[in-house]
Number of protein chains: 4
Amino acid sequence: MGGTTTSAGATRATSRGRIDKRQAILDAAFTVFADRGYARAGVEEIAEVAGVAKHTVYNHLGDKENVFHAAMEATGNAVMAENVAAAEHLAMDGAADPDAVRSRLEDVANRLLVQCCDPRSWALRRLLNAESASFPDLLESVWGHGADRLRQTLADRMARLSLAGVLRTCDPVEAAEQFLALLTGPMEARSQFGTRPVPEAELRGVVNAAVSTFLRAFQSDHLSATASAAAS
Amino acid sequence: MGGTTTSAGATRATSRGRIDKRQAILDAAFTVFADRGYARAGVEEIAEVAGVAKHTVYNHLGDKENVFHAAMEATGNAVMAENVAAAEHLAMDGAADPDAVRSRLEDVANRLLVQCCDPRSWALRRLLNAESASFPDLLESVWGHGADRLRQTLADRMARLSLAGVLRTCDPVEAAEQFLALLTGPMEARSQFGTRPVPEAELRGVVNAAVSTFLRAFQSDHLSATASAAAS
Amino acid sequence: MGGTTTSAGATRATSRGRIDKRQAILDAAFTVFADRGYARAGVEEIAEVAGVAKHTVYNHLGDKENVFHAAMEATGNAVMAENVAAAEHLAMDGAADPDAVRSRLEDVANRLLVQCCDPRSWALRRLLNAESASFPDLLESVWGHGADRLRQTLADRMARLSLAGVLRTCDPVEAAEQFLALLTGPMEARSQFGTRPVPEAELRGVVNAAVSTFLRAFQSDHLSATASAAAS
Amino acid sequence: MGGTTTSAGATRATSRGRIDKRQAILDAAFTVFADRGYARAGVEEIAEVAGVAKHTVYNHLGDKENVFHAAMEATGNAVMAENVAAAEHLAMDGAADPDAVRSRLEDVANRLLVQCCDPRSWALRRLLNAESASFPDLLESVWGHGADRLRQTLADRMARLSLAGVLRTCDPVEAAEQFLALLTGPMEARSQFGTRPVPEAELRGVVNAAVSTFLRAFQSDHLSATASAAAS
DNA sequence: CATGAATGAGCATTCATTCAT
DNA sequence: AATGAATGAATGCTCATTCAT
């Protein structure tokens, strides 16, 4: 991999420069779209933020609409990958110790919540929400597999927890869905749709409340007895 | 004064005509804003939909931004009033019969969900979410007291259920918050941010799941025993 | 007409009210036109300043253009009357004493200059100048006889001074014209077209310079000899 | 500078094209502003007259107000340069022959008057007068140094004439000011603020009268004696 | 490929004017 | 006669997009 000639290096550098420029445009585009909205965002400002000429944006991505789609898809993938990665932390390598379950859930809940409260995450959801009426295909291409992947990943872990006897028998998809709802639902109001940062403490409160409620509802009965005994 | 019916009628008709026209503008404005977004919406189209001249809109509301604020505030109040009314159906006039509790919760959950899935409700949330970055005061003036009123109303009922021994001792605000989260959280994904209608059956499923989980987590222990026994 | 005293009184009062209102509109119109220009001035603002409803302006004067013409004519007449009155102060009741001539000229020059530097005068000239291209008839109807009347009045006095042997034989109209030119010409630059007030001292300087030059050019030779002897 | 390569030529052509377009816009702008006034003038018409698209005007000059300022400044400079050039013709290369002085003054007076009666000159003054209330900085930036430069140039020549014994000892600035006043003052009324052309003959009459009066007032005494003797 | 100049369409807003009361 | 509401036309300005270099 090191024996490239000069010309190859130059080519790679150029191509890398092209890729970098494209990425810079996409990043800039998402930034601008994020705090102006689709309609208010100007291609010129995107170009300025990206440090390229206006027309270069057109050369690379052809269209304002396409710039939008590409930028959304790109950051959508990035955000989703992080979310799924966070969800994958919910493993079952330990024993069925009730406290361990709780702390694991809290851990993954915390990770998920931090991801969800990331400004980029809020911006993504905001744009998705705002423009899904104007661009019906947007949801499918951006959120489409992503959201499902997160829910499915979480559902997988729930299923394994259920099989392991930690959680009671239940529909794992529903459990995952409600776990996420308990987690992210309260954030919308508290963070004012992401316009105001939520203090760390409040965030922890939400995590604890969500996990507590979730466990009360889904923990196996014999465990919940011990757990509630321990909690008291 | 009051002698002639005609003059009184005429006067009232005029004044009513003005009010009607203003209301027509606000309604039209919300409709147009709802499916175009703030920036894409044209004052001209609003006027057309309202059946008035473009300038009449300016005469009544002065400014596109102000039209937006007024329209949002108006439908925001309407939507919130309905939501609160739905929440107020959660009363405790019956005995502490577990089945009664469940069916009451399901009833109010259903009402709330129907409200939340109303296209106007989705549009309101979408616009609020989309434009709260551009108009920071919007949230306060539209959602501001409304959202709290819903949560507080629901919390009040939760507190009374708790006092009556139906629900276990808990923070009623948190309980209300999570009840709403379990209810509305899953809808966001299922209805694609409100762009696709959710079939009645699926809606009922969400209601049942939410109520079930909520009861499992918050019902008093001695009742939940009987309840689960009855459910099986 | 005049049958009942009451109705006549009422009528007269009403009619007076009408006249007052009309005058108020014209005054307000001139004020607004003066500091906004014709095109920028709004009928609404005129109505507000006059303290009447917008449509009342139309009732009284029919048209924005007509409002403008009427307002210009009215203040034009007023300004011109004052100017002519000032010019008429140049009388020859005294003897042909050189010093008396100078002081009389200075007196009338001062009066004329004060009139010309009146904000209303500047505004009138400014509007006349600005809009005479758009309304070709304006000059005729506003300045038309007025300007001539001033020049003729002044020329009359010059002629009498000439006949009295105080001024040398000359074309009195030309003398009047140049007298006015020497007087008002320097003011244009000094007062920045009337946008900045000219200090009293500078004003006197202009008067003195104008009168001196005028006398040097137009005083009878035998008098100018004595005058210059006296001045030295 | 003759051996330019093709690329240099192309570059120059392009850049010249840009400059030409900008100049075309400024010229068109002044024309339109001149016969419509600032407020009535439309950017669209300016663009049409200039033969460019409306937005090109904005690309080059950014703003209607800025278009106005730039156009005023440009023609202001041009007009003033011509005026100063005319004033500079008042030289003293000949002897102190009274007739020579008169003819020289008449020459320069004629040149100045021709400049002042140029439609562009009238338009410039009209706009300056009309809009100096709305744009207080306009006078400074357009007339500012220009008017002074003319007066100072003329004053310089007056001073040299005075030193040469042709004119009597006097304040040269005041002499210049009054010379201009005698020249341009009468034109305002006669040309109806520049709306009607003044016949050549009348123009000469004004020049002769102005020079005559000026000389009578400012020529050295011993010369004026000979001059008046010659004139009779 | 990257750029700067140019374009045409679209939009919020203002204003003189008319209608109904 | 006086008013307030309503209108249609006009205007400054922005923006996505294309052309020539």
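Sequence lines set the chain letters: A, B, ... in the order given, protein chains first and strands last, and positions in each chain run from 1.
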Atom [atom1] of [X] to atom [atom2] of [N]: distance rounded to whole Å?
| X | N | atom1 | atom2 | value |
| --- | --- | --- | --- | --- |
| A:Glu44 | F:dT18 | CD | P | 16 Å |
| D:Leu61 | F:dG12 | CG | P | 14 Å |
| B:Asn66 | E:dA12 | CG | P | 15 Å |
| B:Glu48 | F:dT7 | CD | C1' | 14 Å |
| A:Phe33 | F:dC15 | CZ | C1' | 13 Å |
| B:Phe68 | E:dT13 | CZ | P | 14 Å |
| A:Arg22 | E:dA2 | CZ | C1' | 17 Å |
| A:Arg36 | F:dA16 | CZ | C1' | 17 Å |

Does B:Thr56 make a side-chain N or O approach to OP1 or OP2 of F:dT7 shorter than 4.0 Å?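 Indeed, a polar side-chain atom of B:Thr56 lies that close.
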So, does C:His60 get its side chain near the phosphate of F:dA2, meaning an N or O under 4.0 Å from OP1 or OP2?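 It does, given that an N or O in the side chain of C:His60 lies less than 4.0 Å from OP1 or OP2 of F:dA2.
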[options]: which one has an atom nearest the side-chain heavy atoms of [X]?
| X | options | value |
| --- | --- | --- |
| C:Tyr58 | E:dT18, E:dT14, F:dT7 | E:dT18 |
| A:Asp63 | F:dT17, F:dC13, E:dA2 | F:dT17 |
| A:Val43 | F:dA6, F:dA16, F:dT14 | F:dA16 |

If we check ring pair (Phe, Tyr, Trp, His ring centres under 6.0 Å) with D:His69, which of these qualifies: D:Tyr38, D:Phe30, D:Phe135?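 Exactly one pass, corresponding to D:Phe135.
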With a 3.5 angstrom cut-off on both distances, give the Watson-Crick or G-U wobble partner of [N], or none if there isn't one.
| N | value |
| --- | --- |
| F:dA1 | none |
| F:dG12 | E:dC11 |
| F:dT17 | E:dA6 |

Determine whether C:Leu61 and C:Leu26 make a side-chain contact, defined as any pair of heavy atoms from C-beta on separated by less than 4.5 Å.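 In short, these two side chains touch, coming nearer than 4.5 Å.
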Would you check if A:Leu139 and B:Thr195 make a side-chain contact, meaning some heavy-atom pair closer than 4.5 Å?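 Yes. Closest side-chain heavy atoms under 4.5 Å.
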Could one point to a donor on the side chain of [X] or the base of [N] with an acceptor on the other under 3.5 Å away?
| X | N | answer |
| --- | --- | --- |
| B:Asn59 | F:dA5 | no |
| B:His55 | E:dC15 | yes |
| D:Lys54 | E:dT7 | no |
| C:Lys64 | E:dT17 | no |

5'-most contact on DNA chain E: A:Gly51 or B:Gly42, nearest heavy atom basis?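 Taking each residue's closest nucleotide, the earlier one in sequence belongs to A:Gly51.
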Between D:Val52 and B:Arg40, which is nearer to the 5' end of DNA chain E once each is assigned its nearest nucleotide?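 Between the two, 5'-proximity favours D:Val52.
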With no hydrogens and no angle check, do the side chains of A:Arg40 and B:Ser134 hold a donor and an acceptor under 3.5 Å apart?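 Checked: A:Arg40/B:Ser134 side chains pair up, N/O donor to acceptor below 3.5 Å.
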Donor-acceptor side-chain pairing of D:Glu73 and D:Asn77 below 3.5 angstrom: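 Per modelled atom types, D:Glu73 and D:Asn77 side chains form no pair under 3.5 Å.
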Classify the angle between the aromatic ring planes of D:Phe33 and D:Phe68 as parallel (below 30°), tilted (30 to 60°) or perpendicular (above 60°).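 Correct class here is perpendicular.
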Under 4.0 Å, counting only non-hydrogen atoms across every strand here, what does B:Ala41 touch: a base, just sugar-phosphate, or nothing?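 Sugar-phosphate only.
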